[in-house]
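A short write-up of the structure that comes next.
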Protein chains: 2
Amino acid sequence: MPATRKALRPRTRTEKVHAALRRAILEQRLDPGVRLPEDMIGESFGTSRTIAREALGRLAVEGLVELIPNRGAFVANPSLDEGREIFVVRKGLERMVVLQLAARMTPEIARTLQSLVENEAILASRSEAEAIRLAGEFHLRLAALTGNSLLLRYVTEVVSRCSLVLAMYGRPHSADCAVNEHLLLVAALTAGDGDRAAGLMDEHLDSVAGRALIGQRPNGDIQSVLASFANRSDLA
Amino acid sequence: MPATRKALRPRTRTEKVHAALRRAILEQRLDPGVRLPEDMIGESFGTSRTIAREALGRLAVEGLVELIPNRGAFVANPSLDEGREIFVVRKGLERMVVLQLAARMTPEIARTLQSLVENEAILASRSEAEAIRLAGEFHLRLAALTGNSLLLRYVTEVVSRCSLVLAMYGRPHSADCAVNEHLLLVAALTAGDGDRAAGLMDEHLDSVAGRALIGQRPNGDIQSVLASFANRSDLA
DNA sequence: TGCCGTGAAATTGCATGCAATCGGATCGGC
DNA sequence: GCCGATCCGATTGCATGCAATTTCACGGCA
C-alpha cells in the first residue's frame, strides 16, 4: 500500500494560514510591497494575531515576505537586480533537475512526463490565476520526479519568487510558459539526453526571463483578496 | 550625532533565539533527533514559550528542525538517503558559485580569496566547534563573493545541513575541509578557469562526502548546551 | 510656507493563561 | 505474562492582554 505514506498529519492553523498566504502572494493576488498587518490577517482568517504573526515569520524565512522589526510585514518587493539573481539560481537548480532526471530516466517517468505536457496543453487557458499557477506547475512536477525533496523545495521557492518577479517587471502573461518548449524538453529527457535537456531548459528560462519589461497594476484592498483564500483553507 | 548607525536593525528576541538555535544545531551541539520542548528553550534563553515557538517554526522552514503537530519539535534527523540528496544539491549550488565567481573575477576578489585560504591555514585547529564552523566558512565566503544573496542563502542552508549529515553518518572530523584542496580551487578561480574550478569543487565535495561512514555520540542535557548559546545572544 | 516638536492612535513584541491533545503509567481482562 | 482500555501529567495550540515602539496629525515657531 504505497498510497498514503505519512500524508495526513493534523495541520495547525498556523500552517494553513502560512500556506494560504503563500498562495495568495504567488498567485499575485497580493502585490509586492503591500503591507500585511497582523490584525488584518488574523481577522481575515478568523484567527488571532498570534497565528498571523507566526505565518509571516515563516514566510519571511522563505523570502516571500519582508519583516521589519517594529514596522511590520510586507510582501517581498525584490529589486530588478534581486530578480536577476533569483533567475540565475533558478537556472542552476533546474539544470540539476533535468540532469538528474535524464540520468535516472525510466519508462514510467517517461510516460508521466508525456501525460504532463498533454494535460498542460488542454488546461492551458482557463483563468488568469490558473494560467499563472500552471506556468510553474510543470517545472515543479519535473523537480518532484527527481525524487530529491530538497531540490523540490528549492525549485518550488525559486519558481514562486520568479513569478513574483515577473509580476513586477514582466509584461502581462510573461509568467506563462510556452507549451511547445516544454514538449521539446520532455523529448530530450525521455531520450535520456541530459546535456541537450539542460540546454533546452536554459533557453526556455531565458525566453521566460527575457520578457521582463514593464507592467504595473495594483490590486484592490487586501481583506477582500484574503477572504477568498480564507474560505479555501477552512478547517474541516 | 555619534555615529550610531541605524543600519543595525533592532533584532527581536525571536530572531536572536532563532539564530542561536541554528548555531547550536549546526555546531552539532544538539544531536539530530533530540527533542526541543518549547518550555525548556524559553527558559534557556530567558524568554517565554512564544519566542521559542516562533523560532522553532522558522527553523522548521529551513529544514533544520522537524515540527510534528501536537507532538513537538525535534532536531532534524535526516536519513542517509536524504543526506545524499542534500549533497547532490550542494554540489549543484557550489558549481554555480564557482562558475559565477570565475566569470566575474576581479583583482580585488582574487586578493580576498588569497587571504581567505591563508587565514584558514592559520586558524585551522583550535577547538572542535571552531573547526566545524571553519569548515563551512570558506564555502560560505565563496558564495558571499558572488554577490548573489539568494545563492548565498541556499549555500548557507545546504552547508549547514551537510555538516549535520556528516555529524550523523561521517566519522569524527569528517566535516573538516582539506585546506590544500581549497588552495587549488582558489588558484583555478583566480585564473578565471570556471570549468576547472567546478571540477575541483566537485572532487572536493566528493572527498568530503566520501568520508561518510559511521560515528555516533550523544551530547549531554540540552539545557546546559543552550545555556552557553544564551549568553552569546544576550541583548546588549 | 515650511520645519520640527509633541501627543495620541495604531501596531508590533512579548508574556501569560487556558483548553485540547499526546504519551505513559496504571490497571483489568484474557 | 501479555495486551488493551483508562486515566493523569506534561506539552502543545491558540487567544488575549499589556507595554513599547512607530506613525501620523496637529500646531507652534521661524
Side-chain angles (χ1 to χ4, degrees), chain A residues 6 8-21 30 33-61 64-77 221-223 226 230 233-236, chain B residues 1 4-21 30 33-61 64-77 221-223 226 230 233-236:
Chain A
K6 65 172 179 180
L8 283 178
R9 284 191 337 186
R11 294 184 74 202
T12 64
R13 294 201 219 297
T14 299
E15 283 176 282
K16 286 182 204 154
V17 173
H18 180 179
L21 273 177
L30 295 170
V34 162
R35 182 138 184 277
L36 299 171
E38 297 172 359
D39 291 344
M40 170 177 303
I41 294 172
E43 198 177 337
S44 294
F45 289 100
T47 72
S48 75
R49 284 198 308 124
T50 307
I51 305 302
R53 186 180 176 71
E54 282 188 32
L56 289 172
R58 297 183 189 188
L59 288 167
V61 174
L64 289 178
V65 156
E66 189 181 3
L67 224 48
I68 304 178
N70 288 320
R71 295 270 325 270
F74 304 81
V75 178
N77 201 1
D221 74 307
I222 306 168
Q223 289 226 59
L226 287 183
S233 60
D234 241 14
L235 65 155
Chain B
M1 358 165 88
T4 47
R5 305 260 315 265
K6 91 169 188 176
L8 289 178
R9 291 189 335 181
R11 293 184 75 204
T12 64
R13 294 200 221 294
T14 299
E15 284 176 282
K16 286 183 205 154
V17 173
H18 180 180
L21 273 176
L30 295 170
V34 162
R35 182 137 185 279
L36 300 170
E38 298 173 357
D39 290 342
M40 170 177 303
I41 294 172
E43 199 178 337
S44 294
F45 289 100
T47 72
S48 75
R49 284 199 308 124
T50 308
I51 305 303
R53 186 180 175 72
E54 281 188 32
L56 289 172
R58 296 184 190 188
L59 288 167
V61 174
L64 290 178
V65 156
E66 190 181 2
L67 226 47
I68 304 179
N70 289 318
R71 295 270 325 266
F74 304 81
V75 178
N77 201 1
D221 74 309
I222 306 168
Q223 287 224 63
L226 288 183
S233 60
D234 243 12
L235 67 155

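Chain letters run A, B, ... following the sequence lines, proteins first and then strands; every chain starts at 1.
- Across Val65(B) and Ala73(B), no two heavy atoms sit closer than the pair CG1-CB, 3.9 Å.
- The distance between atom CD1 of Ile68(B) and atom P of dT11(D), rounded to the nearest whole Å, is 16 Å.
- For the pair Arg13(A) CZ and dA19(C) C1', the interatomic distance rounds to 11 Å; values are reported in whole Å.
- Pairing each heavy atom of Ala20(A) with each of Phe45(A), the nearest pair is CB-CE2, 3.6 Å.
- Closest contact between the side chain of Glu38(B) and the listed nucleotides dG13(D), dC14(D), dT11(C) involves dG13(D).
- Between the P atom of dA10(D) and the CE atom of Met40(B) lies a distance of 13 Å, rounded to the nearest Å.
- In this entry the distance linking CZ of Phe45(A) with C1' of dC14(D) reads 16 Å, nearest Å.
- Counting atom types as modelled, Arg49(B) pairs a side-chain N or O with a base atom of dG17(C) as donor and acceptor under 3.5 Å.
- When all heavy atoms of Pro69(B) and Thr12(A) are compared, the closest pair comes out as CB-CG2, 4.1 Å.
- Here the options are Arg49(B), Glu54(B), Glu43(B), the test is side-chain contact (heavy atoms from CB on, under 4.5 Å), and the partner is Glu38(B); only Arg49(B) passes.
- Distances shorter than 4.0 Å separate some side-chain N or O of Thr14(B) from OP1 or OP2 on dC14(C).
- Across the protein-nucleic acid pair, His18(A) atom NE2 and dC14(D) atom C1' stand 18 Å apart, rounded to whole Å.
- A close approach under 4.0 Å does occur between a side-chain nitrogen or oxygen of Arg53(B) and OP1 or OP2 of dG13(D).
- Backbone-only engagement by Thr12(A) is indicated by non-hydrogen atom pairs under 4.0 Å involving sugar-phosphate atoms exclusively.
- Comparing dC22(C), dT12(C), dT11(D) by their nearest atom to the side chain of Asp39(B) picks out dT11(D).
- Heavy atoms only, all atoms of each residue included: Gly57(B) and Leu67(B) are closest at CA-CD2, 3.9 Å.
- Taking the side chain of Ile51(A) as heavy atoms from C-beta on, and the options dG13(D), dA15(D), dT21(D), the nearest nucleotide is dA15(D).
- With distances taken from any side-chain atom of Thr47(B) to the nucleotides dT16(D), dA15(C), dT12(D), the minimum falls on dA15(C).
- dA20(C) atom P lies 22 Å from atom CZ of Arg11(A), rounded to whole Å.
- Residue Arg71(B) places none of its side-chain N or O atoms closer than 4.0 Å to OP1 or OP2 of dT21(C).
- Atom pair Asn70(B):CG and dT11(D):P shows a separation of 14 Å (rounding to whole Å applied).
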